[in-house]
*Asks:* 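Mind having a look at this structure? Questions to follow.
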Amino acid sequence: MKRRKPERGADVMSKKEKIPRQNMPEQDPMVRSKNFDEVPLGYTEEQALLEAGRCLQCKKPQCIEGCPVDVDIPGFIKLITEKDFTGAARWIKGTNSLPAVCGRVCPQESQCESLCILGKKGEPVAVGRLERFVADYERNTGAVQVPETPAPSGKRVAVVGSGPAGLTVAGDLVKCGHKVTIFEGLHKAGGVLIYGIPEFRLPKDIVDAEISYLEKMGVEVVTNAVIGRGKTVDDLLNDGFDAVFLGVGAGAPVFMNIPGENLSGIYSANEYLTRSNLMKAYRFPEYDTPIARGKNVAVLGAGNVTMDSARTALRLGAENVSVVYRRTEVEMPARAEEVHHAKQEGVQFKLLTNPVEYIGDENGWVTGMKCIQMELGEPDASGRRSPVPIKGSEFVLDVDMVVVAIGTNANPVVPVTTPGLETNKWGYIVVADGETGRTSREGVYAGGDIVTGSATVILAMGAAKKAAKAMDEYLKNKK
Amino acid sequence: MNRIVNNTQLSENVFRMIINAPLIAAKRKAGQFVVIMTEEKGERVPLTIVDSDIDAGTVTIIFQVVGKTTMCLAAMKEGEDLFAVLGPLGTPTEMENFGTAVVVGGGVGIGVAYPIIKALKEAGNKVIAIIGARTKDILILEDEIQKTCDKLIVSTDDGSHGVHGFVTNVLQDLIDSGEVVNRVYAIGPVIMMKFLCEVTRPYKIKTIVSLNPIMVDATGMCGACRVAVGGETKFACVDGPEFDGHGVDFDLLMNRLRMYNDEEEEARKGCRCHE
Ligand SMILES: Cc1cc2nc3c(=O)[nH]c(=O)nc-3n(C[C@H](O)[C@H](O)[C@H](O)COP(=O)(O)OP(=O)(O)OC[C@H]3O[C@@H](n4cnc5c(N)ncnc54)[C@H](O)[C@@H]3O)c2cc1C
Ligand SMILES: Cc1cc2nc3c(=O)[nH]c(=O)nc-3n(C[C@H](O)[C@H](O)[C@H](O)COP(=O)(O)OP(=O)(O)OC[C@H]3O[C@@H](n4cnc5c(N)ncnc54)[C@H](O)[C@@H]3O)c2cc1C
Ligand code: SF4
Ligand code: FES
């Protein structure tokens, strides 16, 4: 497929500015805060056409600069204006294999859309919503085609972890003719897309469809296989795999180490979201795994994980859900849309507030969280003003459930069971360079959160694409 | 995959299941466990690997029926497949020749103790086993353990078999008799482990306990299994499940095990395995 050159002209430009950025229909906040169905409902064809028509088809498209995998944004938008929705989806898939996922969870406001030329004066083109629209169109109309697999190369690749990084490597390498096996520790593939991000933001059907697409292309998915516990990386290499990709994510939860943190009712975000999403505890007792349904819930932190936990708590029947964060709204790392949705649904924000201790009842269940008020002090090394406690400002927040969502660390299982695999002082795998993902072990590559620390879906995919390319080279040259 | 080779009732509430799992059988060491799911909508439950047969490619578990999942497991038959079996998980028992090791097992904990007894013996220890149960009918593995250890003392709470009394009294008597004990392993109900640790504490005999907190992933990802040992938080699924009992906060463990009592009751009522 070749990109068609768009026409440009002054009259086109003035006409386009009149069409406002199209809003995406959403479930009403009061209704959706009681269910787990997806919040945004997606564009109609009409809206997609209007929105696509806003794009100026820039000669030097700034939006692409903002995309970590260089999706040809004006190219696919052009196809939408021609009503070739399936073609647009396939066009994206040339560079980004998971558009239905990325259209939903990428932080477009700080990537492509932040650089869109229309954003200088007014509102940028809604790239993410359009991406989502075409990917859904392709899937819902049954137009997804499984590409012909090339002649087998005779080489076998083991992919450890089935998050966005692992799925991307698997897809790219199977298309090169290599035989790919994914090993996933949990009983269901998809990584954070399955166990972390809730149904109301990323329906699990979409992730399942992506995985069955890979399987149709010939990728083998082995679940319940924790590499390092059963087989090790060395076992895989000895078993006849010619190369190994490590995409094991940054899945170890971080706690604050303050008194009372082990009281019942206090969860790590990983546990809370895993119970709800992977184990489907929100459908208990249809599913067996239980989850606490707190009335007064505090969620610590301010990232996407915090917002997802807070919104899950609301949906599980909480009366009050407070996000407790030691800095201010400006410093919150969560996507703007996430914070906005949380607020709409009634999540409260207790900013410049930091927990110092938990209080429990005679059964060891949390009943209160002692907090201290903070103020912003001098800028620290990172340039951010660091929060400092205000003396004597302690107060107790009534809570019966707390979710600690202040970050994650590298999962040590693979690094500690793979001799000679270099890691940095935080336990993340060291790669020779971001272009190849080569580790200190021959034939072993890595990418995604296990290299960078918790980042984003698209960055994990970007790293994986580069690693796949380097692995293909390596495999071609390997005797 | 994960085919059930055999499921035998050992006592009123305790079953022994043999599962086809060649990789786990080949890799597992004493002290490690598997996570089992009976069906896709089920819970992930951790169960100790009691034994394995590398040639047959099987592992053995012994479980007590306490709730929905174990009820369903009990109802499963030879030839059926489990939805998921994951392992071997956890840090294996630290193994060397300590001299004289006393392994105390209570209730279904006797099953958990058995692989440790075997491994200690293989490592050259003199192994004294103390096994106890409420009453004779629910005592498990007596013959197997008899064959493996150097000395076996059996006790029952009601005196229907062996010594009349608790395993704590038996251990105390053993120490009082002048037996030099280099290490104690205490495995069973939390309350039993707690009191066994009190027996050994004055003598500073290192006492290893096997903790059974509620787990979800059992791979170090969630922190559901956190326990306090020596004032520090540990994840039992990766740092354990065995810990130095003299540092363990048993009351915390008991509280955390009660976290879902109401939901577990509801799940049990909704269980249709026995219909
Ligand atoms: C709740 C939540 C919300 C998020 N929201 C967003 C968002 O809106 N937008 C965005 O861009 N990013 C978001 N992120 C971040 C994003 O999901 C991650 O950056 C991304 O998933 C990283 O991909 P990965 O493939 O490196 O690892 P992961 O997705 O973490 O996948 C790693 C996989 O490896 C498996 N694994 C680990 N160890 C082993 C082993 N030893 N053997 C076998 N398998 C193993 C794990 O079980 C897991 O399935 C969110 C993250 C979370 C937790
Ligand atoms: C490392 C480890 C090894 C174990 N080995 C054995 C064994 O060899 N034999 C055996 O009979 N039991 C063992 N257990 C305990 C066993 O996992 C629980 O009895 C089982 O999960 C109960 O599930 P259920 O659905 O039948 O009961 P539920 O109704 O869910 O719960 C009943 C009781 O079991 C406890 N429990 C519930 N879920 C879990 C869970 N996921 N993990 C641990 N405890 C839980 C609860 O506190 C409750 O008291 C072990 C536990 C751990 C952590
Ligand atoms: S920068 Fe904006 S207007 Fe220009 S091509 Fe990209 S999306 Fe279209
Ligand atoms: S069970 Fe999840 S970390 Fe141990």
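By convention in this document, chain letters (A, B, ...) are assigned in the order of the sequence lines, proteins followed by strands, and residues within each chain are numbered from 1.
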*Asks:* Can you tell which of A/Val226, A/Val413, A/Leu273, A/Asn409 has the highest number of heavy-atom pairs within less than 4.5 Å of chain B?
*Replies:*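 If we count pairs closer than 4.5 Å to chain B, A/Val226 comes out on top.
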*Asks:* Is it the backbone or the side chain of A/Ala281 that comes under 4.5 Å from a heavy atom of chain B, or both, or neither?
*Replies:*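 For A/Ala281, no heavy atom lies under 4.5 Å from chain B.
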*Asks:* Is A/Asn262 close to chain B through its backbone or its side chain, or both, or neither, when contacts mean heavy atoms under 4.5 Å?
*Replies:*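 Both backbone and side chain of A/Asn262 come within 4.5 Å of chain B.
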*Asks:* Which pair of non-hydrogen atoms, one from A/Arg229 and one from B/Gly90, has the smallest distance, and what is that distance?
*Replies:*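 So the two residues come closest at NH1-O, 3.3 Å.
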*Asks:* Can you confirm whether A/Pro285 sits close enough to B/Glu263 that some side-chain heavy atom of one is under 4.5 Å from a side-chain heavy atom of the other?
*Replies:*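 A/Pro285 does not reach B/Glu263 side chain to side chain.
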*Asks:* Taking side chain as everything from C-beta outward and backbone as N, CA, C, O, which of these in B/Arg44 sits under 4.5 Å from a heavy atom of chain A? Side chain, backbone, both or neither.
*Replies:*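 Interface part for B/Arg44: both.
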*Asks:* If we define contacts as heavy-atom pairs under 4.5 Å, which of A/Lys188, A/Arg283, A/Lys231 has the most with chain B?
*Replies:*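 Top count of heavy-atom pairs under 4.5 Å with chain B: A/Lys231.
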*Asks:* Would you name the heavy atoms of A/Gly265 and B/Met259 that are closest together and state the gap between them?
*Replies:*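 Here A/Gly265 and B/Met259 meet closest at N-CE, 3.3 Å.
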*Asks:* Hey, could you give me the CZ/CD distance between A/Arg275 and B/Glu43, rounded to the nearest 0.5 Å?
*Replies:*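 One gets 7.0 Å once the value is rounded to the nearest 0.5 Å.
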*Asks:* Heavy-atom distance under 4.5 Å to chain A: side chain of B/Ile24, backbone, both or neither?
*Replies:*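 For B/Ile24, no heavy atom lies under 4.5 Å from chain A.
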*Asks:* Take atom CD in A/Glu286; do more than 12 heavy atoms of anything else shown fall under 6.0 Å from it?
*Replies:*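 More than 12 heavy atoms, drawn from other residues, nucleotides or ligands, come within 6.0 Å of this atom.
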*Asks:* Could you have a look at A/Pro412, A/Gly364, A/Ala292, A/Ser264 and say which one has the most heavy-atom pairs with chain B under 4.5 angstrom?
*Replies:*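 Heavy-atom pair counts peak at A/Ser264.
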*Asks:* B/Thr233 versus A/Glu261: any side-chain heavy-atom pair under 4.5 Å?
*Replies:*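 Of all side-chain heavy-atom pairs linking A/Glu261 with B/Thr233, none is under 4.5 Å.
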*Asks:* Looking only at heavy atoms, which two atoms of B/Ala84 and A/His187 are closest? And how far apart?
*Replies:*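 Scanning both residues, the minimum pair turns out to be CB-CB, 4.4 Å.
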*Asks:* What's the shortest heavy-atom distance between B/Cys222 and A/Glu271, and which atoms?
*Replies:*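 It is O-CB, 3.5 Å.
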*Asks:* So, for B/Arg226 and A/Ile266, which heavy atoms are closest and what is the spacing to 0.1 Å?
*Replies:*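 Closest pair (atom of B/Arg226, atom of A/Ile266, distance): NH2-O, 2.9 Å.
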*Asks:* With a 4.5 angstrom heavy-atom cut-off, could you sort out which part of A/Thr289 is near chain B: side chain, backbone, both or neither?
*Replies:*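 The answer is both parts of A/Thr289.
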*Asks:* Report yes if some heavy atom in the side chain of A/Asp235 is under 4.5 Å from a heavy atom in the side chain of B/Lys27; otherwise report no.
*Replies:*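 Yes; the side chains approach each other to less than 4.5 Å.
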*Asks:* Could you check which of A/Gly251, A/Gly249, A/Pro253 has the highest count of heavy-atom pairs closer than 4.5 Å to chain B?
*Replies:*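 Most heavy-atom pairs under 4.5 Å with chain B: A/Pro253.
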*Asks:* Report which part of A/Asp361 has an atom under 4.5 Å of a heavy atom belonging to chain B: side chain, backbone, both, or neither.
*Replies:*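 No part of A/Asp361 comes within 4.5 Å of chain B.
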*Asks:* Measure across A/Tyr287 and B/Glu40 and return the closest heavy-atom pair with its distance rounded to 0.1 Å.
*Replies:*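 Minimum heavy-atom contact is CE2-O, 4.2 Å.
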*Asks:* Can you tell me which portion of A/Phe255 sits under 4.5 Å from chain B's heavy atoms? Options are side chain, backbone, both or neither.
*Replies:*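 Just the side chain, heavy atoms under 4.5 Å.
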*Asks:* Should A/Asn224 and B/Val85 be marked as a side-chain contact (heavy atoms from CB on, under 4.5 Å) after you check the CA-CA gap, both sets of side-chain angles, and the distance that decides it?
*Replies:* CA-CA 7 Å; A/Asn224 300 308; B/Val85 180; over 6 Å; no
*Asks:* Inspect the surroundings of NZ in A/Lys204 and state if more than 12 heavy atoms from other residues, nucleotides or ligands are less than 6.0 Å away.
*Replies:*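 Check passes, neighbour count above 12.
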*Asks:* Tell me whether A/Asn270 contacts the main-chain N or O of B/Met221 through its side chain, where contact means a donor paired with an acceptor under 3.5 Å.
*Replies:*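 Yes; judged by distance alone, with no hydrogens or angles, the pair exists.
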*Asks:* Against chain A, work out which of B/Gly42, B/Ala267, B/Ala26, B/Gly220 has the most heavy-atom pairs shorter than 4.5 Å and name it.
*Replies:*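 If we count pairs closer than 4.5 Å to chain A, B/Gly42 comes out on top.
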*Asks:* Please check this pair: side chain of B/Arg258 against backbone of A/Asn363, looking for a donor-acceptor N/O pair closer than 3.5 Å.
*Replies:*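 Side chain of B/Arg258 to backbone of A/Asn363, a donor-acceptor pair under 3.5 Å: no, none is there.
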*Asks:* So which residue, B/Lys41, B/Arg256, B/Met37, B/Glu39, ends up with the most heavy-atom pairs under 4.5 Å with chain A?
*Replies:*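 Top count of heavy-atom pairs under 4.5 Å with chain A: B/Lys41.
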